[in-house]
2 protein chains.
Amino acid sequence: MEQYEHTCMIRGDGGRAIRGILDRICDKWTMLIVATLDEGRMRFTHLHQHIPGISQRMLTLTLRNLERDGLVSRTAYAEVPPRVEYALTDRGKSLIPPALALARWAIEHSNDIQASRDTYDTQDG
Amino acid sequence: MEQYEHTCMIRGDGGRAIRGILDRICDKWTMLIVATLDEGRMRFTHLHQHIPGISQRMLTLTLRNLERDGLVSRTAYAEVPPRVEYALTDRGKSLIPPALALARWAIEHSNDIQASRDTYDTQDG
DNA sequence: CGGTATCCACCTAGATACTG
DNA sequence: CAGTATCTAGGTGGATACCG
């Protein structure tokens with residue numbers, strides 16, 4: 001009820017802070033990669049296989065961005081063939097709870113939202 | 001700690017459910033509009049004035065999508081000049097707490113993330 | 001006042017081919 | 001194995017002009 005006083009956090013500086021984060025979190029693959037890495041440290045190929053539909057290019061690009069933001073660590077071993085492992089940093093792990101909160105909301109409301117969309121779309125056009 | 005068992009919610013069906021929602025939540029203006037409407041019901045022009053940088057087109061488009069998803073209600077009064085008011089529905093209000101959780105995370109980590117980016121970007125290139 | 005319609009620049013992400 | 005390079009289609013959002 002009294003949450004309104006806190007939504008200024010979202011509107012804050014015209015929304016720049018929150019949007020800067022959302023831009024990272026909400027692209028097509030970030031959430032999926034973070035959630036997958038929550039399972040533990042993992043090689044490139046393993047990630048590639050466990051995230052259906054992602055291309056090599058997008059996996060690389062998204063991992064680079066996550067690394068840049070300090071959410072994921074990258075460890076390359078000097079072997080042949082090469083081995084590279086990715087893992088969530090503490091900062092990356094700290095993203096999981098709020099992400100879960102959003103996921104929970106999404107799951108809980110997805111049926112209702114879909115129903116609303118269907119209704120809206122079939123109104124006489 | 002034991003959150004891993006729950007991240008399957010995010011990965012779920014290959015991420016389709018959560019991404020369908022994220023696509024709505026995470027576009028350029030949705031969060032800002034929802035946060036602004038948390039203040040109370042509001043006219044089109046008032047929204048336009050209180051969300052810096054948004055165009056009429058994007059305000060209309062985003063409001064239509066929110067209405068379609070049942071997160072915002074639209075009430076048009078048969079007057080001249082026309083008056084249209086927007087308000088969060090109960091479903092729309094229910095989005096605020098998880099959105100705040102994410103905003104909180106964003107604010108708390110934005111300095112560290114920016115620092116990581118700076119470091120990453122200045123590494124010999 | 002509260003929109004639509006139109007045009008356009010940019011960016012994202014997919015497909016494909018190639019490499020240390 | 002773990003990438004990089006290149007090309008391109010499609011979508012998002014801004015600018016501008018007009019309308020009931």
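Within every chain, numbering begins at 1; the chains are lettered A, B, ... in the order of the sequence lines, protein sequences first and strands thereafter.
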Problem - Electrostatic pair Arg74(B):Glu85(B) at N-O distance under 4.0 angstrom - result: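 Between Glu85(B) and Arg74(B) there is no salt bridge, as every charged N stays at least 4.0 Å from the carboxylate O atoms.
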Handout entry: Pair Arg68(A) + Asp121(B), salt bridge at N-O below 4.0 Å
Key = yes
Handout entry: Selection from dG14(D), dT4(D), dG3(C) that lies nearest to any side-chain heavy atom of Gln56(B)
Key = dG3(C)
Over how many whole Å does the gap from [X] atom [atom1] to [N] atom [atom2] extend?
X        : N       : atom1 : atom2 : result
Gln49(A) : dA2(D)  : CD    : C1'   : 13 Å
Asp23(A) : dC10(C) : CG    : P     : 18 Å
Met42(B) : dC1(C)  : CE    : P     : 17 Å
Asp27(B) : dC11(C) : CG    : P     : 18 Å
His48(B) : dG3(C)  : NE2   : P     : 12 Å
Lys28(A) : dA15(C) : NZ    : P     : 9 Å

Exercise for the section: Going by the side-chain contact (heavy atoms from CB on, under 4.5 Å) test, name the single residue among Ile25(B), Leu71(B), Leu88(B) that passes it with Val34(B). Expected result: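 Of Ile25(B), Leu71(B), Leu88(B), side-chain contact (heavy atoms from CB on, under 4.5 Å) with Val34(B) is met by Leu88(B) alone.
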Problem - Asp38(A) and its side-chain contact (heavy atoms from CB on, under 4.5 Å) partner, picked from Leu95(A), Ile96(A), Ile33(A) - result: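 The passing option is Ile96(A).
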Practice task
Using only side-chain N and O atoms of Arg43(A), determine if any of them is under 4.0 Å from OP1 or OP2 of dC1(D).
Solution key: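 Checking Arg43(A) against dC1(D): no side-chain N or O falls below 4.0 Å of OP1 or OP2.
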Exercise for the section: Would you please confirm or rule out a distance under 4.0 Å between OP1 or OP2 of dG2(C) and any side-chain N or O of Thr45(B)? Expected result: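 For dG2(C), OP1/OP2 do have a side-chain N/O of Thr45(B) under 4.0 Å.
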Problem - From CA spacing to verdict: side-chain hydrogen bond (donor to acceptor under 3.5 Å, both in side chains), Thr62(B), Asn65(B) - result: CA-CA 5 Å; Thr62(B) 311; Asn65(B) 280 327; 5.9 Å; no
Exercise for the section: Starting from the C-alpha separation in whole Å, work towards a yes-or-no answer on side-chain hydrogen bond (donor to acceptor under 3.5 Å, both in side chains) for Ser73(A) and Arg41(A). Expected result: CA-CA 9 Å; Ser73(A) 69; Arg41(A) 64 191 298 104; 5.2 Å; no
Practice task
With a 4.0 Å heavy-atom cut-off, tell me which residues in residues 57-87 of chain B come close to DNA chain D, sorted by residue number.
Solution key: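 Within this stretch, Arg57(B), Met58(B), Pro82(B) sit under 4.0 Å of the strand.
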